[in-house]
Structures are given as C-alpha cells and as structure tokens.
Peer 1: 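Can you read through this structure? Questions will come right after.
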Amino acid sequence: MGKHKSLKKSKHFLILVTLVIMFSAVYLIQSELVSIKHSLQHEFKKSEGALVSLHSHFGRLLPSDEKMSNTFEKIVDAKAEEVVVNDHALEEAIQKEKEQEEADPYQEPDPYQEPEAPVIVDQYQESVIENVVIEDPEVENEAEKPSILNRIRNQESAVELDESVSSKEEEEYQNYDEEEEEEIIDEPWMHVDVQLNDFLKTTKPPNNDFIFHNKLPKSGSSTMNNVLKVLSKQQEFKFRKVEPQEVTMNNNQKLVDLLNEELEKPFLLLKHHYFFDFTKYGMDQPTFINVIRDPLEWFTSRFYFSRYGWNRKPGCRDELCGMTEDERNMSIDECVEKRHTQCTDSSWLYFPFICGGESNCLNVTEEAKVKAFETAKSHVMNDYYLVGILEQFEETLLMLDLLLPSYFRNADTIWKGEFVQHKQELTKTQHKQEMNEASKKFFLEGPLKYEKMFYDFTRKVFNERLKFYEIEIPEEEEDEY
C-alpha cells in the first residue's frame, strides 16, 4: 500500500517537472522573440535614418524623374528640415565636403565613388550631438539653400509635372488616333440603305452539285484558283478552270457544250464569264458566286497589268501590246490629264460579270449604265448566292466556308498557307501606282460612277450578311516563347 502511494507521488512529481520545463522553454522562446523584435526595430530605425541622410547628401546624383518609394516618403514627412546625427564619421565627411566647397563651390562629387554610409541616431539613444544641416555644394548662396524636405518636394513636383505633360500628350495623341480611325472607317458604302431578303439569309445553296465562280478580272481570281486547287483535293470535288482561249466570256452555248462533256458532280467551275441563265440552254442553274473589287483599284490594276504584267510573267497584255512607247510609259494620272481614250473610253467592262451579256449590260452610255446598275443589284439580291469583296477577302472566305462547307471548308487557313501566299506574290501587278485625287474625282464623276455605286451597294449587302451570320475574323494566336 505504501509502495503504491510512493509510485503515485513520483508520477505526479515527474508531471510537475515536465510542465515546469515546458513553461520555461516557452518563456525563453518568447523572450528571445521579443529580443529579436527589438533588435530588428532598432536596425530598421537606423536604416531609415541612414536613408534620409544619404538622400539629402547625395540625392542630386539620382535621376531627376526617379520616384521616391512609399517608405521614404513617410520618413521624409516625419523628419524636420534639419537632420540630427550622432556619428563622428559622418561629421568628419560633412566637414571635409565643406572644405572642398570653399575651395571650389562648383565641384561635383565623384558619382562612381562609394560614399561611406553614415549612421543616424535612433530613438533608443539618449545623447545627441549638435544639430547639423547637411549642405548641398551645388547651392552657392547660403540664404538660397533649400531644405531637404523642400528639395525632395521640388523633385516630386517636377516628376508630377512631367507626368502631367506626358499624360496630356498621350491623351492628345490618342484623340488624334481615334479621329484618324474614324476618318478611315467612314466609307461611302456604310451609308447605303440595304435590307436583306430571305434568299440572302439562307445557308442552303440553290444547287450544291454545281458551283460557278464567274470571276471578275483583276479581283483576286488567281489567288482563288490556288486556294481551290488545294481544296478540291482535300474536299474531293471536281475543279475546272476554263481559260478565255477555250471559251470567250460571252459564248454561252460553247460553255454549256463543254460542261455537258466534263461536268462531274460535285463540280466547281472557275471562269471569266458574263452572268447568264443556264436553263435557257437546257441545264440546271448553278449556284453563282463572285468576288468584286473597288472600281478605282480594279481599273488601276488593269491599267498597269496591261503594260507590265505580273511579277512571274512581266510584259504587256492583249491589244495594248501595240501601244507606243509614250503610251506604255504613261501613268494613270497622265492618262486622265490627257483625256486619253484608255481612260475615257476603255474597253474594260465591269458590269457584265454580274449584270449579264445583254446590250444594257454591255453598253457604256449613261442610260444603259443606269439600267445595268439596277439589273446588277437585282442579281446580287436574288441570283448570286454570294458576291464577296476583295478588300475583305478573309471575311469572304469565311462566309464561303459557312455557306458552302463541302467546297470551302478551311479555305481561310489554306489561303494563309505558304503555298498560296507564295503564288499570290507572283501574280501581283508590276509597277502599279495609286492614282491621285484629281484622277479619282474624274472616274467617280464619269467613267466609273455607276460601277462605284454598285460596289458600295454590294459591299453593304456583304457586311450586313456578316452581321447576320455573326462572322468575325478570328484573332491570331501569339507564339509562346
């Protein structure tokens, strides 16, 4: 019984000793943490004081537009205009600088020399030496010497002023960019009033077995040809490009005869040909598509192409090879100034590829052009599954992908590929020059007046369809490095 009580007392004693040791350890750890905290506070205060003193003494060596940190601003606001120091090394450095200043008041300290870091008295020390004002050797007159706080505030004011000026300049530049952008995007076609009909809202082609791109010359048809070469292999459809030497642009019967021999469904035909009604020749009407171009750019391209050709095949073309040397070297602006027949009475026709081969579509009189304009608009609204825009070629390919996926799936990607882009460079017209404003005015008020009106109408139709189908150009993915 006594032994059992003794063991019990020993156990209680061990528990008590263990608790005492634990409390002692906690107390020691806490004391050490407090000591470390005080030490860190002490060092931090010393560093703050040293930073103030160094900046006041050597601050002029810093860039004028360098911003002060938040910590430094708080320290400066809390300091008086005079810095109290308690370090003999700093006092000696100040005295030495005064002596140098008396000898040469304009002498600058060596910016590459590392200054000895002074130590500023902290709040835990009781004894201080006399107040010392750290002088700036750049200031000649004692009465004009700014205080440390004022110098820093002056620097900050200069920085704020500089930032204010920069911000104002940036705002003015941004406003200029916005105005310029507004001028660029405000084009005549945007003001045309157009309402889409049901035919222009459908995604079901009239004839999915036979697509006819009766291409307008100098409107991206060579590029489309290269895109279709790739697509025909990927999508497995029959593709045929018919050259003008095989069938002329208005020989409808000969074209129908050729198609009766070669047409294999699904079939896509690419050819410069005037619009016509296939049912009059005993064939089903194909799904018509085309791409048109701003008439001013179209005429410019034809004008220089007839003289200089492509990059891959330079030289004159067709009947214009018989022109004189002076005519060949004539710019389009000179052509307009001279009222040369190549600009006033050109044989190049725009309307027939949408309007058709009837006399009103071929005639270039004012009355005939008014009728051609109305007929072409009607075909765009009721007979063409799509009339794309060369100036929006990527959007045109995206819409073809949507409307004719069995033929134009991923056409946009193929167009951007190396093969097509290389071919496109080879078929660019050589030595092409943009016409001046006087020439543009001449064409828009005369030879190309109704063509431009038709182009604006058709482009507005095209963009209304882009909105309806919610087609947007996808953003390019940036390469990651």
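Small disclaimer: the values here were computed from a predicted structure and weren't measured. Any value given below was found using the heavy atoms of this structure, including those in side chains, with hydrogens, waters and symmetry copies removed.
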Peer 1: Keeping Tyr385 on the side-chain end and Leu403 on the backbone end, is there a donor-acceptor pair under 3.5 Å?
Peer 2: yes
Peer 1: Do Met224 and Leu397 make a side-chain contact, defined as non-hydrogen atoms from C-beta onward lying under 4.5 Å apart?
Peer 2: yes
Peer 1: Do Glu187 and Arg459 sit within salt-bridge range, that is, some charged N less than 4.0 Å from a carboxylate O?
Peer 2: yes
Peer 1: With Asn207, which residues qualify under side-chain hydrogen bond (donor to acceptor under 3.5 Å, both in side chains), at least two apart?
Peer 2: none
Peer 1: Quick one: side-chain hydrogen bond (donor to acceptor under 3.5 Å, both in side chains) partners of Thr300, sequence neighbours excluded?
Peer 2: none
Peer 1: Please identify each residue that fulfils ring-ring contact (aromatic ring centres under 6.0 Å, His included) with Phe443, with sequence neighbours left out.
Peer 2: Phe299
Peer 1: Ring centroids only, cut at 6.0 angstrom: are Phe276 and Tyr281 within range, meaning strictly under it?
Peer 2: yes
Peer 1: Measure the shortest side-chain to side-chain distance between Gln342 and Ser306 over non-hydrogen atoms and say whether it is less than 4.5 angstrom.
Peer 2: no
Peer 1: For the residue pair Lys229 and Lys423, establish whether any side-chain heavy-atom pair is separated by less than 4.5 Å.
Peer 2: no
Peer 1: Counting C-beta onward and ignoring hydrogens, is there a side-chain heavy-atom pair between Tyr407 and Ile289 closer than 4.5 Å?
Peer 2: no
Peer 1: Taking Phe303's backbone N and O only, do any of them form a donor-acceptor pair with Lys218's side chain (distance below 3.5 Å, no angle check)?
Peer 2: no
Peer 1: Can you tell if the side chain of Lys369 reaches within under 4.5 Å of the side chain of Lys449, non-hydrogen atoms only?
Peer 2: no
Peer 1: When you measure from the side chain of Arg465 to the backbone of Val461, do you find a donor-acceptor pair of N or O atoms at a distance under 3.5 Å?
Peer 2: no
Peer 1: Determine yes or no for a side-chain-to-main-chain donor-acceptor pair under 3.5 angstrom, with Trp298 supplying the side chain and Pro217 the backbone.
Peer 2: yes
Peer 1: Which residue pairs pass the disulfide bond (SG atoms under 2.5 Å apart) test when at least one of the two sits in residues 355-390, sequence neighbours left out?
Peer 2: Cys355-Cys361
Peer 1: Is a donor from one side chain sitting under 3.5 angstrom from an acceptor on the other, for Asn410 and Gln234?
Peer 2: no
Peer 1: Side chains of Asn226 and Thr223: do they bring a donor and an acceptor to under 3.5 Å?
Peer 2: no
Peer 1: Output all residues satisfying side chain to side chain contact (heavy atoms under 4.5 Å, CB included) with Val192, sequence neighbours left out; order by chain, then residue number.
Peer 2: Val194, Asp456, Phe457, Lys460
Peer 1: Among Phe199, Phe212, Phe275, exactly one meets ring-ring contact (aromatic ring centres under 6.0 Å, His included) together with Tyr384. Which residue is that?
Peer 2: Phe275
Peer 1: With distance as the sole criterion, is a donor-acceptor pair present between the side chains of Tyr455 and Glu297 under 3.5 Å?
Peer 2: no
Peer 1: Please check: side-chain N/O of Asn363 versus main-chain N/O of Ser359, any donor-acceptor pairing under 3.5 Å?
Peer 2: no
Peer 1: What pairs with Asp401 under salt bridge (charged side-chain N to carboxylate O under 4.0 Å, His left out), at least two apart in sequence or on another chain?
Peer 2: Arg409
Peer 1: If only atom types and distance count, is the side chain of Gln235 paired as donor or acceptor with the main-chain N or O of Pro405 below 3.5 Å?
Peer 2: yes
Peer 1: Could you tell me if the side chain of Met381 sits less than 4.5 Å from the side chain of Asn197, heavy atoms only?
Peer 2: yes
Peer 1: Could you check if a side-chain atom of Val242 sits within less than 4.5 angstrom of a side-chain atom of His273, using non-hydrogen atoms only?
Peer 2: no
Peer 1: Does the pair Lys238/Glu262 count as a salt bridge with the N-to-O cut at 4.0 Å?
Peer 2: no
Peer 1: Are side-chain N/O atoms of Glu366 and Tyr450 paired as donor and acceptor at under 3.5 Å?
Peer 2: yes
Peer 1: Angle between ring planes, His272 versus Phe353, binned at 30° and 60°: parallel, tilted or perpendicular?
Peer 2: perpendicular
Peer 1: Do Asp333 and Ser331 get their side chains close enough for a donor-acceptor pair, meaning under 3.5 Å?
Peer 2: no
Peer 1: Looking at Lys371 and Glu374, is there a salt bridge between them, counting it only when a charged N and a carboxylate O are closer than 4.0 Å?
Peer 2: no
